[in-house]
Trainee: 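The following block contains the structure, expressed as structure tokens.
Since this is a predicted model, take the numbers as computed values, not measurements.
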Amino acid sequence: MAVIQGLIDFILHIDEHLVEIIQQFGVWAYGVVFSIVFVETGVVIMPFLPGDSLLFASGALAALGAFNLPTIIIVFIAAAVLGDTLNYHIGKKVGTSIPPNSFIGRFISKERMDAAQKFFNKHGGKTIVIARFMPFIRTFIPFVAGASRMNYKYFISYNVIGGVLWVVICTFAGYFFGNIPVVKENFSTVILLIIFISVLPAIIGALRSRKK
């Protein structure tokens with residue numbers, strides 16, 4: 001419970017924690033934020049780490065000079081692309097051999113893998129790009145893509161496109177809007193709003209599926 005509370009506090013007050021990280025680690029702070037994004041996108045069981053909020057807060061701090069904007073964008077793009085690539089290869093290697101009664105196995109079955117393979121053959125690129133903006137889902141999609149044996153060249157091209165769009169949009173949003181007084185004074189609320197907007201497509205999709 002303490003770990004969960006600490007994680008929630010980190011996400012909601014990520015601007016304050018980033019300042020502490022920069023003060024403590026200096027230039028190595030780039031390595032810290034790289035690691036967070038890399039693990040969040042690259043390890044299928046770690047989808048709860050901050051993604052959108054980290055990019056937004058880093059962009060806001062870049063506007064204040066705490067981060068170099070071109071450098072932080074390159075760092076985040078590298079982390080996002082490499083993370084999804086790792087997740088894809090993990091899914092390709094172990095996706096079809098996960099015990100059905102395991103945590104991941106509850107969400108994956110042969111039938112779902114077959115359906116995922118057909119889905120990726122038809123909509124794979126669009127799915128990978130859109131999933132970048134959806135917490136939790138963006139961690140799971142590359143794993144399923146690998147497990148369903150999606151063509152790697154097809155995957156990596158959309159992986160790069162999605163990673164660049166995600167990083168640029170979220171980081172620049174923080175850079176241009178993160179230090180507006182009303183945003184800065186209500187940063188926790190803004191972060192919650194960002195998370196809500198990010199998961200909204202998944203909620204709408206789930207509701208539509210339920211109706212069908």
Side-chain angles (χ1 to χ4, degrees), residues 2-43 46-84 87 129-141 159-203:
V3 174
I4 296 176
Q5 291 176 341
L7 181 62
I8 293 173
D9 177 73
F10 181 79
I11 294 173
L12 294 181
H13 302 93
I14 196 166
D15 56 330
E16 299 173 9
H17 293 294
L18 271 180
V19 171
E20 295 173 1
I21 289 173
I22 293 170
Q23 291 173 343
Q24 183 174 354
F25 294 98
V27 70
W28 292 104
Y30 289 103
V32 174
V33 296
F34 173 93
S35 300
I36 294 174
V37 173
F38 177 76
V39 173
E40 192 256 353
T41 58
V43 182
M46 301 289 282
F48 46 79
L49 292 176
D52 306 310
S53 56
L54 178 61
L55 269 58
F56 185 87
S58 296
L61 290 178
L64 298 175
F67 281 129
N68 176 270
L69 183 62
T71 301
I72 197 65
I73 286 177
I74 292 172
V75 167
F76 280 143
I77 289 175
V81 172
L82 291 174
D84 263 26
N87 212 340
V129 173
I130 294 175
R132 281 289 188 182
F133 298 87
M134 303 166 69
F136 289 89
I137 292 177
R138 70 167 153 262
T139 306
F140 189 66
I141 285 296
N159 175 17
V160 172
I161 293 171
V164 170
L165 287 175
W166 179 54
V167 169
V168 169
I169 290 174
C170 292
T171 306
F172 270 98
Y175 185 84
F176 289 113
F177 303 110
N179 292 297
I180 295 175
V182 66
V183 175
K184 198 171 183 179
E185 293 169 6
N186 300 278
F187 203 85
S188 296
T189 303
V190 172
I191 293 302
L192 286 173
L193 184 60
I194 291 172
I195 295 173
F196 174 75
I197 293 174
S198 299
V199 301
L200 190 58
I203 296 174

Trainee: Hey, could you give me the CZ/CG distance between Phe56 and Leu61, rounded to the nearest 0.5 Å?
Mentor: 10.5 Å
Trainee: How long is the straight-line distance from CZ of Phe76 back to SG of Cys170, given to the nearest 0.5 Å?
Mentor: 10.0 Å
Trainee: Pair Ile73, Phe172 - check side-chain contact (heavy atoms from CB on, under 4.5 Å), show working.
Mentor: CA-CA 9 Å; Ile73 286 177; Phe172 270 98; 3.4 Å; yes
Trainee: From Ile74 CD1 over to Phe34 CZ, what is the distance, rounded to the nearest 0.5 angstrom?
Mentor: 12.5 Å
Trainee: Identify the two heavy atoms, one from Gly178 and one from Val183, that lie closest to each other, and give their separation to 0.1 Å.
Mentor: O-CG1, 3.9 Å
Trainee: Given Ser58, which of Ile72, Val167, Leu69 fulfils the side chain to side chain contact (heavy atoms under 4.5 Å, CB included) condition?
Mentor: Ile72
Trainee: May I have the step-by-step check of ring-ring contact (aromatic ring centres under 6.0 Å, His included) for Tyr30 and Phe67, ending in yes or no?
Mentor: CA-CA 8 Å; Tyr30 289 103; Phe67 281 129; 5.2 Å; yes
Trainee: Could you walk me through whether Leu55 and Val33 pass the side-chain contact (heavy atoms from CB on, under 4.5 Å) check?
Mentor: CA-CA 9 Å; Leu55 269 58; Val33 296; over 6 Å; no
Trainee: Out of curiosity, Arg138 CZ to Asp52 CG, how far, rounded to the nearest 0.5 Å?
Mentor: 4.0 Å
Trainee: Do the charged groups of Arg132 and Asp84 touch, with an N to O distance under 4.0 Å?
Mentor: yes
Trainee: Can you give me the closest heavy-atom contact between Val37 and Ala80, atom names plus distance?
Mentor: CG1-N, 4.0 Å
Trainee: So, for Asn179 and Ala63, which heavy atoms are closest and what is the spacing to 0.1 Å?
Mentor: ND2-CB, 3.4 Å
Trainee: Run Trp166 and Thr41 through side-chain contact (heavy atoms from CB on, under 4.5 Å) and show every step you take.
Mentor: CA-CA 12 Å; Trp166 179 54; Thr41 58; 4.3 Å; yes
Trainee: Please assess Leu54 against His17 for the test side-chain contact (heavy atoms from CB on, under 4.5 Å), listing each intermediate value before the final yes or no.
Mentor: CA-CA 10 Å; Leu54 178 61; His17 293 294; over 6 Å; no
Trainee: For the CD1 atom of Ile36 and the CD1 atom of Ile21, what is their distance to the nearest 0.5 Å?
Mentor: 5.0 Å
Trainee: What distance do Leu165 atom CG and Phe133 atom CZ have between them, rounded to the nearest 0.5 Å?
Mentor: 5.5 Å
